[in-house]
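One structure below.
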Amino acid sequence: MDTVLLKKKMEQFCLPGLITEIKTFGNGHINDTYLCTMEVDGAINSRIIFQRMNSEVFKNPEQVMDNVWHVTDFLQQKVVAAGGDPRRETMNVLLTVEGKPYYRDDTGDYWRCYRFIEDATSYETVRKPEDFYACAYAFDNFQWM
């Protein structure tokens with residue numbers, strides 16, 4: 001997608017700075033995902049994930065994103081109460097300038113925006129038993145919270 005058009009869509013969100021770079025990200029097969037670099041006070045210090053939600057997969061994107069926002073907000077409160085770092089231990093949804101967790105563009109596409117978690121690792125396949133254990137442990141912690 002054209003960078004100028006992507007920036008226009010991204011500007012519907014409360015961004016932590018000025019957009020300096022947009023590039024495709026990951027190997028996803030469901031959503032169109034972009035990694036966006038932001039500049040704040042002349043320094044590159046923030047990145048975000050920007051996604052076009054696949055409307056063939058997500059039939060009710062407004063409800064999906066309302067749920068995601070409520071769950072992540074709840075988890076952030078739990079992480080803070082436990083003395084953790086909510087910017088690393090759970091997703092952080094960026095809201096639109098209208099206060100919504102999604103943006104619907106003039107073509108009907110739905111977009112969402114998250115803070116990028118630096119130095120995190122994501123695996124598409126399990127390479128060793130320790131990876132599977134770490135995944136199960138993280139999922140268990142998510143369910144417990």
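Hydrogens, waters and symmetry mates play no part in the numbers below; they use all other heavy atoms, side chains included. The model shown is predicted, which means the values in this text are computed figures rather than measured ones.
Remark: Arg112 qualifies as a cation-pi partner of Phe58 under the 6.0 Å distance and 45° angle criteria applied to the six-membered ring.
Hydrophobic clustering (ILVMFWY, side-chain heavy atoms < 4.5 Å, transitive): Val79 and Phe74 are in one cluster. Hydrophobic clustering of Ile, Leu, Val, Met, Phe, Trp and Tyr side chains at less than 4.5 Å, counting indirect connections, unites Trp111 with Met38. Each of Ile49 and Leu15 belongs to its own hydrophobic cluster when Ile, Leu, Val, Met, Phe, Trp and Tyr are linked at side-chain heavy-atom distances under 4.5 angstrom. Hydrophobic clustering, with ILVMFWY side chains joined whenever heavy atoms are under 4.5 angstrom apart, groups Leu5 together with Ile22. In the hydrophobic clustering of ILVMFWY residues, with side-chain heavy atoms under 4.5 Å counting as a link, Tyr102 and Val71 come out apart.
In this structure the side chain of Lys7 never reaches within 4.5 angstrom of the side chain of Cys36, judged on heavy atoms. Side-chain contact between Arg52 and Lys9 is absent, with no heavy-atom pair separated by less than 4.5 Å. Between Phe116 and Ile48, the closest side-chain pair of non-hydrogen atoms is not below 4.5 Å.
Minimum heavy-atom separation, Pro101 to Asp66: CG-OD1, 3.6 Å. Taking each heavy atom of Pro61 and Met53 in turn, the nearest pair found is CB-CE, 3.9 Å. Residue Glu11 comes nearest to Val97 through the heavy atom pair O-CG1, 4.2 Å, listed as atom of the first residue, atom of the second, then distance.
Atom CG of Leu94 is separated from atom CG of Asn92 by 7.5 Å, given to the nearest 0.5 angstrom. Taking CG of Leu75 as the reference point, atom NZ of Lys78 lies at 8.5 Å (rounded to 0.5 Å). Remark: Thr3 OG1 to Met10 CE distance equals 10.5 Å, nearest 0.5 Å. Met145 CE to Gln77 CD: the interatomic distance, rounded to the nearest 0.5 Å, is 10.5 Å. Note that CD1 of Ile19 is 13.0 Å distant from NZ of Lys8, once rounded to the nearest 0.5 Å. Between Glu98 atom CD and Gln12 atom CD the span is 7.5 Å, to the nearest 0.5 Å.
Residues meeting the side chain to side chain donor-acceptor pair (under 3.5 Å) test with Glu62, sequence neighbours left out: Tyr110.
Between the side chain of Thr33 and the backbone N or O of Phe25, no donor-acceptor pair lies under 3.5 Å. Between the side chain of Asp119 and the backbone N or O of Ile117 there is no donor-acceptor pair closer than 3.5 Å. Judged purely by atom type and a 3.5 angstrom limit, Asn54 uses its side chain to pair as donor or acceptor with the backbone of Ile30.
For residues 127-145, every residue pair satisfying the side-chain hydrogen bond (donor to acceptor under 3.5 Å, both in side chains) rule, not counting sequence neighbours, is listed here: Tyr123-Arg127.
With no hydrogens or angles considered, no side-chain donor-acceptor pair links Gln63 and Asn67 at under 3.5 Å. With hydrogens and angles left out, the side-chain atoms of Asp105 and Thr107 include a donor and acceptor closer than 3.5 Å.
Counting side-chain heavy-atom gaps under 4.5 Å among Ile, Leu, Val, Met, Phe, Trp and Tyr, the cluster of Val126 also holds Phe132.
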| said: Apply side chain to side chain contact (heavy atoms under 4.5 Å, CB included) to residues Met91 and Val68 and explain how you reach the verdict. | reply: CA-CA 9 Å; Met91 294 185 342; Val68 167; 4.0 Å; yes
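Taking the six-membered ring for Trp and thresholds of 30 and 60 degrees, Phe50 and Tyr34 have ring planes inclined between 30 and 60 degrees apart.
In this structure, Asp41 places its CG atom where only 12 or fewer heavy-atom neighbours from other residues, nucleotides or ligands lie under 6.0 Å away. Around atom CZ of Arg88, more than 12 heavy atoms belonging to other residues, nucleotides or ligands sit under 6.0 Å away.
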